[in-house]
Amino acid sequence: MSGSTIKPWVVGNWKMNPMQADAKQLLQEFKQLLQEKEIAQEKCNIGVAPVAIALGTTQVELAKAVRPVFTVAQDVSRFAHTGAYTGEVSAELLKDSQIEYVLVGHSERREYFAETSAVLNAKAQNALNAGLTVIYCVGESLEQRESGQAEIIVLQQICDLASVVVAEQWQNIVIAYEPIWAIGTGKTASPEDAQAMHAKIREGLTQITSYGASMAILYGGSVKAENAVELAACPDINGALVGGASLNATSFYKIAEAFANTK
Ligand code: 13P
């Protein structure tokens with residue numbers, strides 16, 4: 001399987017947005033767009049990651065869509081099972097609520113919540129052990145890119161993860177490359193730069209696991225309807241992790257459509 005034959009994923013990361021009424025409207029509009037012109041299930045996986053408090057309602061709304069749209073958790077506890085960990089939601093509790101996907105390693109978690117590779121490894125390990133699929137985010141800062149360290153930083157983040165993943169668990173991992181300088185800035189990596197990094201990531205993955213060639217590697221960082229087609233045209237870009245543009249139903253729909261049609 002070459003990078004370009006992997007079924008793409010388009011996942012909307014809503015971050016700490018929006019208010020309940022707006023979320024409801026956003027989902028209604030998105031479902032309506034799918035109803036009017038369906039994006040075939042076999043052409044693209046689609047997911048939405050709402051705030052934790054809205055996981056259940058999002059799931060209920062999405063169950064009424066014409067095609068499967070996954071509900072994705074934005075975070076998971078580093079503690080497993082159940083117990084006295086106030087404020088935490090474990091991988092087992094997510095699974096128990098039929099949430100099958102979770103983001104781990106987002107740069108906002110690494111930065112604002114000081115999540116180290118040890119914490120991220122515990123989260124990823126718990127999620128994988130509970131049978132969840134992990135969307136594992138990696139990416140370099142502007143300073144790291146400008147000093148020529150981008151590749152080494154990103155590959156190190158993948159190696160960190162590799163220290164806790166056992167063989168067949170790689171099948172349940174999706175990588176999201178999100179250069180920090182492109183997140184929420186309107187500054188997208190050029191398709192050439194993004195493809196170059198994705199190819200490096202794939203090369204690294206194939207050295208670590210026999211599943212490397214078939215793993216989806218998503219790009220994130222100011223993905224919009226306007227740049228989705230050119231990103232989707234890159235062989236090793238197997239989808240998008242979309243922030244801001246996923247808060248607009250039409251934009252999010254167009255991004256999913258671009259990946260479904262271009263791949
Ligand atoms: P933006 O699309 O708003 O740049 O956010 C990207 C992101 O962080 C998705 O996880």
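Counting starts at 1 for both ligands and their atoms, following the listed order. What you are looking at is a predicted structure, and each value in this text was computed from that prediction instead of being measured.
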* Return yes or no for this condition: an N or O of T185 is under 3.5 Å from an N or O of ligand 1. => no

* Could I get the full list of side chain to side chain donor-acceptor pair (under 3.5 Å) partners for E203, not counting sequence neighbours? => none

* Which atoms of ligand 1 have any heavy atom of G221 under 4.0 Å away? -> 4 (O), 6 (C)

* Can you name the nearest heavy-atom pair linking I208 to A162, along with the distance? -> CG2-CB, 3.9 Å

* To do: Starting at CH2 of W181, measure out to OG of S222 and round the result to the nearest 0.5 Å.
  => 9.0 Å

* Structure fact -> For G184, the atoms of ligand 1 under 4.0 Å from one of its heavy atoms are 1 (P), 3 (O), 4 (O)

* **Atoms of ligand 1, numbered as shown, that sit under 4.0 Å from any heavy atom of L241** => 9 (C), 10 (O)

* To do: Could you identify which residues cluster with L218, counting Ile, Leu, Val, Met, Phe, Trp and Tyr as linked when any side-chain heavy atoms lie under 4.5 Å apart, either directly or through a chain of such contacts?
  => W9, V11, F70, V72, Y101, L103, I135, V174, L241

* To do: Would you please determine whether K15 falls within less than 4.0 Å of ligand 1 on a heavy-atom basis?
  => yes

* Heteroatom distance test (I183, ligand 1): nitrogen or oxygen, under 3.5 angstrom -> no

* To do: Identify which of G186, S222, S246 has a heavy atom lying nearest to atom 1 (P) of ligand 1.
  => S222

* Please test K7 against E42 for salt bridge (Lys or Arg N to Asp or Glu O under 4.0 Å), starting from the C-alpha separation and ending with a verdict. => CA-CA 7 Å; K7 182 174 168 182; E42 57 284 2; over 6 Å; no

* Asked: Does even one non-hydrogen atom of G220 get within less than 4.0 Å of ligand 1?
  -> no

* Asked: Under 3.5 Å between some N or O of ligand 1 and some N or O of G243?
  -> yes

* To do: Indicate yes or no: does an N/O atom of E178 lie under 3.5 Å from an N/O atom of ligand 1?
  => yes

* **Separation between CD of Q144 and CD1 of I180, rounded to the nearest 0.5 Å** => 6.5 Å

* Check A182 against ligand 1 and report side chain, backbone, both or neither, counting heavy atoms closer than 4.0 Å. => backbone

* To do: Would you please classify the geometry between the F30 ring and the Y253 ring as parallel, tilted or perpendicular, with 30° and 60° separating the classes?
  => perpendicular

* Structure fact -> In this structure, CG of N172 is separated from CG of N129 (nearest 0.5 Å) by 11.0 Å

* **Contacting atoms of ligand 1, where contact means under 4.0 angstrom from a heavy atom of G244** => 1 (P), 2 (O), 3 (O)

